[in-house]
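Taking it in order: structure first as structure tokens, then the write-up.
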Amino acid sequence: MIILVLNSGSSSVKYRLFEMEDEKCLAWGLVERIGARGAILKHNRYDGHNMKLAGDIVDHTKAIEYILAILLSPNHGVIKDRNEINAVGHRVVHGGEKFTKSVLIDAEVMNMIQECIELAPLHNPHNIKGITACRNLMKDVPQTAIFDTAFHHKMPDYSYMYGLPYILYKRYGVRRYGFHGSSHRYVADRAAVMMQKTIEKLKLVTCHLGNGCSSAAVNGGVSVDTTMGFTPTEGLLMGTRTGDIDPAALLYVMSREEIGIGEANSLINKHSGLNGISGVSNDMRELEEAITTGNKRAELAVNMFAYRVKKYIGAYAAAMGGIDGIVFTGGIGENSAGIRKRSIAGLEFLGAELDEVNNNAKSSDERFIDKDSRVRIMVIPTNEELVIARDTLELVQD
Ligand code: ADP
């Protein structure tokens, strides 16, 4: 069974093709700058062969046509016939309260995903463009939707509700939903395997630290709390997003700067976070570099970042009545020994003790980085696409 996984963003489509027999990734890549000059497809094959292709890629349909063409190409491809693709799994950011698990896409599901656009105007429309393009190009191939929000749907009400008037929840669905669900689910499952325990017996805090960042409290395999909320803006400090702030502070800034909703939206999502604090970059590597040259604001941004990760680990330990493991994943979580060190420092009282040597070891494998402490600390490279492929396989085999 061959499954294509697609992640369609505003100007990009990322893809991965899996042979599910042994979960081998046959090819992966992305189309960038869709609709702009200099659109490009970057393609990698399992055997190390890779290539780039510039083209006139005006929309998501064209992008997916390019992807299919490269997968079929005699020189760069991995399949001979389009029909070899048995199913396509799509990442969809927001499933609202309608979708609590992955689903096969039909006309009714499409309508329901459309209805979720109101909740995720920045993400869902692009996901829908990818799905629509794919359904047109591959009419007989089953397509599935895997939602970033679904893993968090079992959060208790006292965890997902905001202290706004209850009527606003009923009227507009204003509540916390959480995101990065496929990633939290994947690393929590892997942590259980690494710890040689069944997930039902484990209390884990999973920290997905990439451009977007979120932590989740995973109790017995169920997400019972997570840092992102109604949108991905809440919670941890991120590359360009504020994370938690006092909503009244934003109102105050809007009034003082005389800005409207659009500008405020871009302020909290595009100009804040690591970038806004440091004035250097949203990229953790550049901030770590700037710290070595004595840049104080870069240091402040990094300290804020790690402090929030730590604060939520403590909060989630309280929420779950203890923790057995902490997982770091995402570009920063997997690669920045410095951020892991700052985030764990002071958590010895919880039973979490970092091992310096293991933490600093250069490796891209999943591994323990603690001193065999009571709370195990792990680095686990995430694999959201594999979660999507597995769910898709399960749905089409039913
Ligand atoms: P996205 O959320 O877009 O998928 P990633 O998970 O790839 O993003 O994470 C991107 C972040 O990871 C950037 O801040 C980048 O600086 C950081 N990162 C990647 N490699 C390293 C590294 N070796 N050291 C520190 N940070 C890194």
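Just so we're clear, the structure is a prediction, and the values are computed from it rather than from any experiment. One-based numbering, in listed order, for ligands and for the atoms of each.
Checked for salt-bridge contact, Glu97 and Arg175 meet the test: a charged N lies under 4.0 Å from a carboxylate O. Using a 4.0 Å cut-off between charged side-chain N and carboxylate O, Arg376 and Asp324 make no salt bridge.
Checked against a 3.5 angstrom limit, the closest N/O atoms of Met284 and ligand 1 fall inside it. The distance criterion of under 3.5 Å between nitrogen or oxygen atoms is met by Gly331 with respect to ligand 1. Distances between N or O atoms of Ile332 and those of ligand 1 include at least one value under 3.5 Å. Residue-to-ligand polar distances place Asp283 within reach of ligand 1: an N/O pair is separated by less than 3.5 Å.
For atom 20 (N) of ligand 1, the nearest non-hydrogen atom of the protein is Asn335 ND2, 3.4 Å. At the top of the distance list for atom 3 (O) of ligand 1, counting protein heavy atoms only, stands Asn211 ND2, 3.0 Å.
Within the 4.0 angstrom cut-off, atom 24 (N) of ligand 1 has one or more protein heavy-atom neighbours.
By the 30° and 60° cut-offs, the orientation of the rings of His184 relative to His152 is perpendicular.
Taking the centre of each ring, Phe179 and His94 come in below the 6.0 Å mark. Here the two rings, on His76 and His43, have centers that are 6.0 Å apart or farther.
Residue Ser336 has at least one heavy-atom neighbour below 4.0 Å for each of these atoms of ligand 1: 25 (C). Proximity to Gly212 (heavy-atom distance under 4.0 Å) selects the following atoms of ligand 1: 2 (O).
Side chain of Arg33 to main chain of Arg37: a donor-acceptor pair is present (N/O by atom type, distance under 3.5 Å, no hydrogens or angles). Checked by atom type and distance alone, the side chain of Ser373 pairs as donor or acceptor with a backbone atom of Glu353 at under 3.5 Å. Of the possible donor and acceptor atoms, one in the side chain of Ser343 sits under 3.5 Å from a partner among the backbone N and O of Ile339.
In this structure, Asn282 is part of the shell of residues with a heavy atom less than 4.0 angstrom from ligand 1.
Contact annotation: for Glu288 versus ligand 1, heavy atoms closer than 4.0 Å belong to the side chain alone.
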